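Residue numbering restarts at 1 for every chain, and letters A, B, ... go by the order of the sequence lines. What you see is a predicted model, and the numbers here were worked out from it, not measured in a lab.
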Amino acid sequence: MKFFSLALRRFTAALPALFIILSGLFLLLQLAPGDTVDALVAQVGGGDPTMIEELRKYYALDQSTSTRLGDYLWRLVHLDLGQSAIYAKPVAEVIIERLPATLLLMGSALALAIFFGMTLGILAARRVNRWPDSLISTLGLVCYAMPSFWFGLMGIFVFAVWLAWLPAGGFGTVGAGLTGVAKWLDIVWYLVLPTVTLALMFLAVYLRIMRASMLEVMTLDFVRTARAKGLSANRVLVRHVLRNALLPLVTLIGLQAGTMLGGSVVIETVFALPGLGRLAYESVVQRDLNTLLGIVFVSALLVIAINFIVDLLYARLDPRINASH
Amino acid sequence: MRFLRDYAHSPVAVFGLVLLVLVIFMALSAGFFFPKNPLGLAGRPLQWPLSNPAFLFGTDHTGRDIAAQIFHGARVSLVIGLIATAIAILIGILIGALSGYYGGVLDDVLMRITEAFQILPNFLLLLVFVAVFGSEFQTVTVAIGVVSWPPVARLTRAEFLSLRNREFVQAGRTLGMSDARLIFREILPNALPSVVVYSSVILAIAILLESALAFLNLSDPNIPSWGNLIGGGRNVLRVEWYISAIPGVAILLTVLAVSLVGQGLNDALNPRLQKQ
């Protein structure tokens, strides 16, 4: 129960920002040349003026902008995202179809980035300014500077074309008719390259912050006390240093949730994954602004949710911080 | 002088600077070495690098000189990156300064707006801008700047919060200085160094954003962008992988150079951190 009231409070706190995003984007889209009716008419290849007038009335496009904005926000409250022009389905339905692939990709990339970022960061901090540290830090810098889509393409060339170890793209073998565990394993197989590609940049960032915060925490008094008590180096590291050094990393995960969603647009396009990011790209190319707006709305909700989870984690790691604040 | 010595102390930072100078040299000399339109037909398509002395890096799938596109692309990346960074820093400083200096309701409103921009994935916002305003060179540049300012605003605001009640500001206030003078002449110069150092991060991200947009074919097709070339080479990746590989290395080295120089500046300006 406490969890739900907490979640509700956090969501309420995010409402002003959400309102700014939605009304801002709605007004922005008013500036786009052409409206829904133009798109529809263009699709059927022209129509007579009276029908166009009727359609405008049907979609309430003859109303003032402020009325329509109010209408739009009211419909969003009911989670009605409108109709997608190119898929001829409600936007909500299209998005829900595409959500699993993106969540799977983001989740696995995040797990990979956190695991290796932490491990490498700790290794670098333990051997600070010696060759393992230099090697790991350099690797981190290179990963950070690497355009992810380029790494993805090179990955496809090396692992799919040249070595033929991994599939080049897609989300499961087409027409294999697999079920149960076999189907999941197949999907995992297809997700290996995209996951590594998306994780790389975040791995670099996590590695760097992990190393820095480990070094900082190691100089603190309580670590010296722990050592003085005669604890083994590993125990000091795991029980005392690591737990405190994790806080900046956790903060960063929340801050970068949006960047990761943005990154998945490019990755999903490179690997032809049927996810939210690819949908965003398709709707830009095909000028399906309704769908684009819906995706932005859902992404904003996702980022807010991720930040909420991060705050809960934060409170778990550091009891001094109260999550309800 | 002291600063230069501090900077030169780190070999990695010097390496970054050399790399950056090289990229700037490529951008400046592009017109000299490759005076012809880099997007024009240059020779037989799909010639491998080093196979023809006229084309050091070979030609792409439509017979354009890759080396020419790399040199002119350096210009595009740097120009878009620098202008977008300048825009982001201007907006960020303005919002952060007003928010930190005045506080209260203004701070609340401005911070909600900043939050809104931070909640939105910035690449997605960039896509919306491109969908609405088109993908001309100028639009893309401004759009990249407009999605990149929130961290600058937060940084500036934090600096202003810690500076606004210092003695020198109070002294200025007692002297009857105007708010504008206090903000821009007294506080801002003290807040600026950390913002300048952070701008290298913005520049690096701006270059990556532009290349990703160009890769998706959503940037201006009439300029020789590295991302465009990678996107074009994608269709012939299975055999002629070098078309995508070469511009990717160029982006990697440029972003690496910018990050290393930024890090070097940071270490040289904050000698406290060096001891770690």
Contact winner vs chain A - [options], heavy-atom pairs under 4.5 Å:
| options | answer |
| --- | --- |
| Val255(B), Val258(B), Thr254(B), Ile113(B) | Val255(B) |
| Ala245(B), Ala204(B), Ser211(B) | Ala245(B) |
| Leu216(B), Leu256(B), Leu208(B) | Leu216(B) |

Tell me, for [X] versus chain A, whether the close heavy atoms (under 4.5 Å) come from the side chain, the backbone, both or neither.
| X | result |
| --- | --- |
| Ser259(B) | side chain |
| Ile205(B) | side chain |
| Leu126(B) | neither |
| Val249(B) | both |
| Leu218(B) | side chain |
| Leu209(B) | neither |

Closest-packed option against chain B by number of heavy-atom pairs under 4.5 Å, given [options]:
| options | answer |
| --- | --- |
| Asn307(A), Thr138(A), Leu153(A) | Leu153(A) |
| Thr259(A), Leu301(A), Leu28(A), Leu261(A) | Leu28(A) |
| Val142(A), Val161(A), Val303(A) | Val161(A) |
| Leu293(A), Val270(A), Ile295(A), Leu255(A) | Val270(A) |
| Ala145(A), Ala14(A), Gly262(A) | Ala145(A) |
| Thr269(A), Leu18(A), Val284(A) | Val284(A) |

Does any backbone or side-chain atom of [X] lie under 4.5 Å from a heavy atom of chain B? Answer side chain, backbone, both or neither.
| X | result |
| --- | --- |
| Leu292(A) | side chain |
| Val285(A) | side chain |
| Leu25(A) | side chain |
| Val296(A) | both |
| Met146(A) | both |

Please report the closest heavy-atom contact between [X] and [Y], naming both atoms and the distance.
| X | Y | result |
| --- | --- | --- |
| Pro247(B) | Leu229(B) | CG-CD2, 3.7 Å |
| Gly258(A) | Pro121(B) | O-CB, 3.2 Å |
| Leu106(B) | Leu98(B) | CD2-O, 4.0 Å |
| Tyr144(A) | Ala204(A) | N-CB, 3.7 Å |

Does [X] reach the main-chain N or O of [Y] with its side chain, forming a donor-acceptor pair under 3.5 Å?
| X | Y | answer |
| --- | --- | --- |
| Ser137(A) | Ser134(A) | no |
| Trp226(B) | Gly248(B) | no |
| Ser77(B) | Ala74(B) | no |

query = Under 30°, 30 to 60°, or over 60°: which ring-plane class applies to Phe159(A) and Trp165(A), parallel, tilted or perpendicular?
reply = tilted
key: Phe129(B) and Phe133(B) aromatic ring geometry - parallel, tilted or perpendicular at 30°/60° bounds   = parallel
task = Indicate whether any N or O donor in one side chain lies under 3.5 Å from an N or O acceptor in the other, for Ser99(B) and Asp107(B).
result = yes
query = With a cut-off of 6.0 Å (strictly less than), are more than 12 heavy atoms of other residues, nucleotides or ligands near CZ of Phe15(B)?
reply = no
Charged N-O contact under 4.0 Å between Glu268(A) and Arg98(A) = no
